Amino acid sequence: MNILTGINLAASQQTLENAAALGCDLVETSAHIGARDIERPGKPWSSHAAWQGRVFCLNGERDYIDGDGNKQHAPNFAESCGLGEADGICGINCRHSYYPYFEGTPQMYSKGELDEMKDKLVKLDGKDITPYEAEQELRLCERNIREYKAQAAALEMTDNTQNPKYTRARENIYKWQEKARHIVDETGIKRKYINEYIGTRDGVQPRGIKPINNKALKEFEKSTIQSVAQDLANRNVEALKVEKLSSPITSDAIIKKLSGGDLTGGSCSSLAFAYAGNLGGFDVTDYRGGASRRVFATTSNIVEIANLKGVKSEVLSATNDVRAALDLLKNIEKNYKEYYLATGRHAAIVRKTNNGFEFLEMQASDPKENIFKTLDESALKRRFKCRVKGVYNDESILIECESLAKNKDFRKLLKYINTNTYLQQKGIKGTIK
């Protein structure tokens with residue numbers, strides 16, 4: 001709204017300057033279907049449909065000769081169209097403009113065209129309404145979609161996705177999106193998707209969901225990962241079938257399969273879990289954006305996965321991420337056994353070799369950079385964004401991949417990490433294969 005209004009105001013000022021430079025005191029207003037047709041006493045400009053497509057005088061009022069040689073009267077522009085008023089021409093959300101008009105030239109719109117625009121009706125739910133009224137119904141949908149997206153985004157930012165308000169917000173997004181689609185289908189009025197957009201840190205928009213599908217809750221009702229299951233249900237994450245690999249897969253093959261430039265926040269965790277799934281013999285593709293990514297990037301969910309029965313793991317809570325990570329690395333066995341490590345603001349596969357600790361980079365745009373790299377204090381600070389001293393305790397988590405992949409509940413979770421290629425997202429400035 002601000003951008004549209006600002007552009008119109010700038011164009012309006014330029015038109016006035018052009019008219020003055022040309023010595024022209026007449027202007028013609030533009031016209032469009034669905035013009036505002038509200039009338040209020042004492043405000044002749046309140047009904048935009050009444051004055052659109054007509055000729056007006058900038059200085060007082062006067063007669064003029066039209067393109068057919070007929071004498072016409074040009075009312076005062078500011079008084080008739082509300083120039084400079086919030087609800088007048090070029091005011092808030094107004095799509096009209098105006099241009100210098102020279103006597104004796106044809107006007108842009110004929111009387112018949114203007115009458116057709118003014119009298120045009122559309123049908124919505126069996127009732128005849130004006131296009132303007134239909135557009136106002138759409139504007140209501142857009143405002144509500146933005147409102148509930150903002151509610152959902154705020155809860156996501158604070159890791160409150162298990163809050164019932166989060167579920168209701170996403171269901172309301174879906175409800176108003178469905179109503180908007182219905183209006184478009186019935187009236188033919190175009191939907192303005194930009195009006196439904198909200199600003200988010202990673203550009204990903206909260207998505208609407210149908211009433212909660214309890215499939216995830218039922219699948220994990222006897223499991224210890226109830227919070228993860230609830231989060232999957234709240235976000236309505238789709239489960240996709242995961243096939244077993246026909247033969248064991250090497251680390252290099254997994255890296256080639258999963259890696260790629262990817263800057264969506266939190267996808268490092270789902271990438272690492274997808275790696276563990278492939279290492280365990282399952283054909284899993286990571287989810288680079290959206291609801292699934294957020295589930296597997298939430299610290300409390302990762303801790304719950306780490307505590308699955310039979311999974312070898314350790315969780316440390318500390319204000320010094322670097323010290324916690326280094327303490328966890330002491331538990332890593334040599335001989336290239338691989339582990340999932342989440343610490344600071346990053347998660348990755350790690351291992352211990354004859355040359356020391358290494359972490360796996362899988363999010364670089366250059367394929368040559370998606371390799372195991374040295375994991376030391378410098379890498380923890382630079383790549384993992386680990387703090388040396390914080391205010392609050394944060395969890396650092398280490399999970400042995402082999403024991404994780406053997407767990408039945410984790411194997412079920414792989415269905416929620418797996419994704420269709422067309423749903424993958426790359427984040428701002430990111431690249432994917």
Side-chain angles (χ1 to χ4, degrees), residues 1-122 128-139 187-190 192 195:
M1 181 184 70
N2 290 337
I3 292 171
L4 175 65
T5 304
I7 290 173
N8 266 354
L9 287 173
S12 173
Q13 183 60 39
Q14 186 62 56
T15 298
L16 291 176
E17 293 176 7
N18 291 343
L22 294 168
C24 178
D25 69 339
L26 298 177
V27 291
E28 180 183 2
T29 58
S30 64
H32 62 79
I33 295 174
R36 198 177 308 172
D37 60 356
I38 300 172
E39 293 186 6
R40 283 177 288 176
K43 287 191 173 184
W45 67 78
S46 61
S47 176
H48 291 209
W51 52 250
Q52 67 173 355
R54 294 179 57 189
V55 174
F56 297 90
C57 183
L58 292 173
N59 304 308
E61 56 182 275
R62 71 175 178 87
D63 294 333
Y64 71 97
I65 304 300
D66 66 15
D68 297 324
N70 299 316
K71 185 178 179 180
Q72 303 288 352
H73 184 71
N76 181 267
F77 180 52
E79 292 179 359
S80 301
C81 302
L83 181 66
E85 301 289 340
D87 54 352
I89 190 168
C90 299
I92 296 173
N93 257 359
C94 177
R95 287 183 282 153
H96 287 104
S97 54
Y98 59 96
Y99 314 94
Y101 174 78
F102 299 93
E103 280 195 75
T105 61
Q107 290 179 220
M108 190 175 299
Y109 308 95
S110 68
K111 185 177 184 305
E113 289 173 325
L114 292 173
D115 288 342
E116 185 179 349
M117 288 183 190
K118 187 175 180 180
D119 296 335
K120 182 178 176 64
L121 295 174
V122 294
D128 289 327
I129 61 173
T130 65
Y132 175 75
E133 290 172 323
E135 286 189 343
Q136 291 308 295
E137 289 291 327
L138 267 180
R139 298 296 89 82
T187 66
I189 301 294
K190 290 185 178 180
K192 295 183 179 179
N195 289 348

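What you see is a predicted model, and the numbers here were worked out from it, not measured in a lab.
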Undergrad: Calculate, to the nearest 0.5 Å, the distance between atoms NZ and CD1 belonging to Lys120 and Ile129 respectively.
TA: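 That separation rounds to 12.0 Å.
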Undergrad: Is it true that a side-chain atom of Ser80 and a backbone atom of Asn76 form a donor plus acceptor pair closer than 3.5 Å?
TA: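 Checking the backbone N and O of Asn76 against the side chain of Ser80, a donor-acceptor pair under 3.5 Å is found.
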Undergrad: For Ile3, I'd like to know if atom CD1 has over 12 heavy atoms of other residues, nucleotides or ligands within 6.0 Å.
TA: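 Count not over threshold, so no.
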Undergrad: Taking only Lys NZ, Arg NE, NH1 and NH2, and the carboxylate oxygens of Asp or Glu, determine whether Arg62 and Asp25 approach each other closer than 4.0 Å.
TA: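 Yes, this pair counts.
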Undergrad: How long is the straight-line distance from CD of Glu135 back to CZ of Arg36, given to the nearest 0.5 Å?
TA: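 Rounded to the nearest 0.5 Å, the CZ-CD separation comes to 10.5 Å.
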Undergrad: Drop me the distance from Ser97's OG to Gln52's CD, to the nearest 0.5 angstrom.
TA: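 Ser97 atom OG to Gln52 atom CD measures 11.0 Å (nearest 0.5 Å).
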Undergrad: Please say which of Gln107, Lys71, Gln72 ends up in a side-chain hydrogen bond (donor to acceptor under 3.5 Å, both in side chains) with Asp66.
TA: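 Output: one option passes, namely Gln72.
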Undergrad: Assess whether atom CG of Leu121 is packed by more than 12 heavy atoms of other residues, nucleotides or ligands within 6.0 Å.
TA: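 Yes.
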Undergrad: Of all the heavy-atom pairs spanning Ala134 and Thr187, show the shortest one and how long it is.
TA: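 Scanning both residues completely, I find the closest heavy atoms to be CB-CG2, 4.2 Å.
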Undergrad: Which heavy atom of Ile89 sits nearest to which heavy atom of Cys94, and what is that distance?
TA: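 Residues Ile89 and Cys94, closest heavy atoms: CA-SG, 4.0 Å.
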Undergrad: With rounding to the nearest 0.5 Å, note down the distance linking OH in Tyr132 to CZ in Arg139.
TA: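 Output value for this atom pair is 10.0 Å.
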Undergrad: Compute the centroid of each ring, for Tyr98 and then for Phe77, and state whether the two points are separated by less than 6.0 Å.
TA: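 Between Tyr98 and Phe77, the centre distance is under 6.0 Å.
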Undergrad: So, the side chain of Thr29 versus the backbone of Trp51: is there a donor-acceptor pair under 3.5 Å, distance only?
TA: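 Present.
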Undergrad: Please tell me if the side chains of Leu16 and Leu83 come closer than 4.5 Å, counting only heavy atoms from C-beta onward.
TA: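 They are in contact (side-chain heavy atoms under 4.5 Å apart), so the answer is yes.
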Undergrad: List the atom of Ile33, the atom of Arg95, and the distance in Å for their closest heavy-atom pair.
TA: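 Heavy atoms of Ile33 and Arg95 come nearest at O-NH2, 4.3 Å.
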Undergrad: Starting at OH of Tyr64, measure out to CZ of Phe102 and round the result to the nearest 0.5 Å.
TA: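 Here the rounded value is 14.5 Å.
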Undergrad: Give the minimum heavy-atom separation between Cys24 and Leu58, together with the two atoms involved.
TA: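 So the two residues come closest at O-CD1, 3.9 Å.
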Undergrad: Any chance you could lay out the side-chain hydrogen bond (donor to acceptor under 3.5 Å, both in side chains) test for Glu61 and His73, step after step, and finish with the verdict?
TA: CA-CA 8 Å; Glu61 56 182 275; His73 184 71; 2.7 Å; yes
Undergrad: Should Glu137 and Ile189 be marked as a side-chain contact (heavy atoms from CB on, under 4.5 Å) after you check the CA-CA gap, both sets of side-chain angles, and the distance that decides it?
TA: CA-CA 10 Å; Glu137 289 291 327; Ile189 301 294; over 6 Å; no
Undergrad: Rounded at 0.5 Å granularity, tell me how far OH in Tyr99 sits from CD in Glu28.
TA: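 The CD atom of Glu28 is 9.0 Å from OH of Tyr99, to the nearest 0.5 Å.
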Undergrad: Using the side-chain contact (heavy atoms from CB on, under 4.5 Å) rule, take Ile92 and Asp87 through it: C-alpha gap first, then chi angles, then the decisive distance, then the call.
TA: CA-CA 6 Å; Ile92 296 173; Asp87 54 352; over 6 Å; no
Undergrad: If every non-hydrogen atom of Glu103 is compared with every non-hydrogen atom of Leu26, which pair is closest and at what distance?
TA: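 Heavy atoms of Glu103 and Leu26 come nearest at CG-CD1, 3.7 Å.
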Undergrad: Would you say Cys81 and Arg54 make side-chain contact, with heavy atoms under 4.5 Å?
TA: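 Cys81 vs Arg54: side chains apart.
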Undergrad: Tell me whether Tyr109 contacts the main-chain N or O of Ala31 through its side chain, where contact means a donor paired with an acceptor under 3.5 Å.
TA: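 Yes, the answer is positive, given that a donor and an acceptor are paired below the 3.5 Å cut-off.
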Undergrad: Quick one: closest heavy-atom pair of His96 and Ala35, and the distance?
TA: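 Between these two residues, the closest heavy atoms are CE1-CB, 3.8 Å.
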